[in-house]
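Below: the structure, in structure tokens.
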Amino acid sequence: MQKPITEIIRQRYSCRTYQDKPIDEGQQHLLLNFLGSKSAGPLGARVRFALVAATHRDRQSLKGLGTYGFIRGAVGFIAGAAERAPRDLEDYGYLMEHAVVLATDLGLGTCWLGGTFSRSGFAKKIAVTAKEVMPAVVVVGYIAGGSKFRDWIRKGAGSDLRFPWESLFFNERFGEPLTPERAGLYAEPLEMVRLAPSASNKQPWRIVRVGDVWHFFLQRTKGYGKGSLLFRLLHLADLQRVDMGIAMCHFELTVRELGLTGHWVIDEPDIEKPDEGTEYTVSWRRAAV
Ligand SMILES: Cc1cc2nc3c(=O)[nH]c(=O)nc-3n(C[C@H](O)[C@H](O)[C@H](O)COP(=O)(O)O)c2cc1C
């Protein structure tokens with residue numbers, strides 16, 4: 001990456017209006033090299049990705065997918081497939097977001113699209129098998145002039161909004177907010193989680209620090225996501241688990257850039273969860289110094 005990760009993350013937004021211009025070969029090459037080098041996520045699921053050029057038909061089929069937002073002029077997509085595994089969607093989100101960060105660093109615009117992709121033309125292009133899932137794809141291309149402002153208006157200005165720290169990050173237990181001052185060196189990685197993209201901007205990530213360990217929880221949005229009428233009707237994947245993988249990616253890339261070391265572990269802490277919609281995902285354990 002050329003720029004600091006914090007700068008890249010601050011620069012990224014969901015771009016929905018693109019120039020009708022194919023991605024430069026050099027940039028395609030960099031993206032393809034990166035995508036080809038990733039075959040498994042940090043939680044062990046096997047994932048593969050491809051860069052696909054968008055045909056006129058793809059653009060039309062996007063309109064029929066029933067996801068919100070309108071993408072104009074998309075020329076390329078990053079599509080992928082994860083082999084079904086306990087944490088396949090988190091790993092998919094993690095690796096795909098890493099590609100988003102790289103594309104942003106290359107000056108490209110991106111937008112995640114969650115949809116019924118497992119049976120779509122996109123799935124056929126990369127021959128998704130019955131053992132795999134394709135919960136989302138990412139549009140990638142050159143940002144059209146004025147796109148950020150137009151997209152902002154179109155999305156009802158809500159997508160720049162993020163929950164405050166006290167709703168997302170906690171010390172030792174839920175209900176005990178963690179301030180940036182108390183987070184110390186980890187304030188920046190947490191802030192980068194806060195700025196992450198999430199399906200419908202629901203920001204379902206919650207993080208509780210217990211000692212040296214950062215525990216990631218999914219706070220399911222009521223009436224949205226897995227099991228909801230909307231998701232059943234549209235056959236959407238459990239996108240909030242993809243959001244968790246995205247948050248893990250922002251956290252880890254920032255932590256590593258700060259020179260802090262650690263690794264992901266599955267080690268649910270014995271703390272009370274706020275409600276039945278709160279699910280443990282994973283923990284980041286600081287390496288012993
Ligand atoms: C898993 C996932 C699925 C998404 N699906 C869509 C989609 O189908 N259509 C769309 O326009 N935006 C989609 N988005 C983009 C979100 O709406 C966007 O990330 C959020 O509103 C925050 O805005 P920002 O990305 O500009 O910061 C998706 C984002 C994620 C992470």
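Both ligands and their constituent atoms are indexed starting at 1 by order of listing. We use all heavy atoms of the structure for the numbers below, so side chains are in, but hydrogens, waters and symmetry mates are not.
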Suppose I only count heavy atoms of Leu113 and a 4.0 Å limit; which atoms of ligand 1 are within that range? 5 (N), 6 (C), 7 (C), 8 (O), 9 (N), 10 (C)
For ligand 1 and Leu195, I'd like to know whether there is a polar contact (N/O to N/O, distance under 3.5 Å). no
Is Glu132 salt-bridged to Arg48, cutoff N-O under 4.0 Å? yes
Under 4.0 Å from any heavy atom of Ile246, which atoms of ligand 1 are there? 31 (C)
Would you call the rings of Phe170 and Phe174 parallel, tilted or perpendicular, where under 30° means parallel and over 60° means perpendicular? tilted
Is Glu90 salt-bridged to Arg87, going by a charged N under 4.0 Å from an acidic O? no
Is there a polar contact, in the sense of an N or O pair closer than 3.5 Å, between Tyr13 and ligand 1? no
State the atoms of ligand 1, each with its element, that fall below the 4.0 Å cut-off from a heavy-atom position in Arg12. 24 (P), 25 (O), 27 (O)
Exactly one of Tyr280, Tyr94, Phe251, Trp284 clears ring-ring contact (aromatic ring centres under 6.0 Å, His included) with Phe216, and that residue is Phe251
N/O to N/O below 3.5 Å, does that happen between Asp243 and ligand 1? no
Contacts of Glu83 that satisfy salt bridge (charged side-chain N to carboxylate O under 4.0 Å, His left out) - sequence neighbours left out: Arg46
Contact region, Arg162 to ligand 1, non-hydrogen atoms below 4.0 Å, reads side chain
If we set the cut-off at 4.0 Å for heavy atoms, which region of Pro197 has an atom near ligand 1: side chain, backbone, both, or neither? both
Proximal atoms of ligand 1 relative to Arg16 (non-hydrogen, under 4.0 Å): 10 (C), 11 (O), 12 (N), 15 (C), 16 (C), 17 (O)
Answer yes or no: is there a side-chain heavy-atom contact under 4.5 Å between Glu268 and Lys273? yes
Does Ser198 have a non-hydrogen atom less than 4.0 Å from ligand 1? yes
Are Lys202 and Asp243 within salt-bridge range, i.e. N to O under 4.0 Å? no
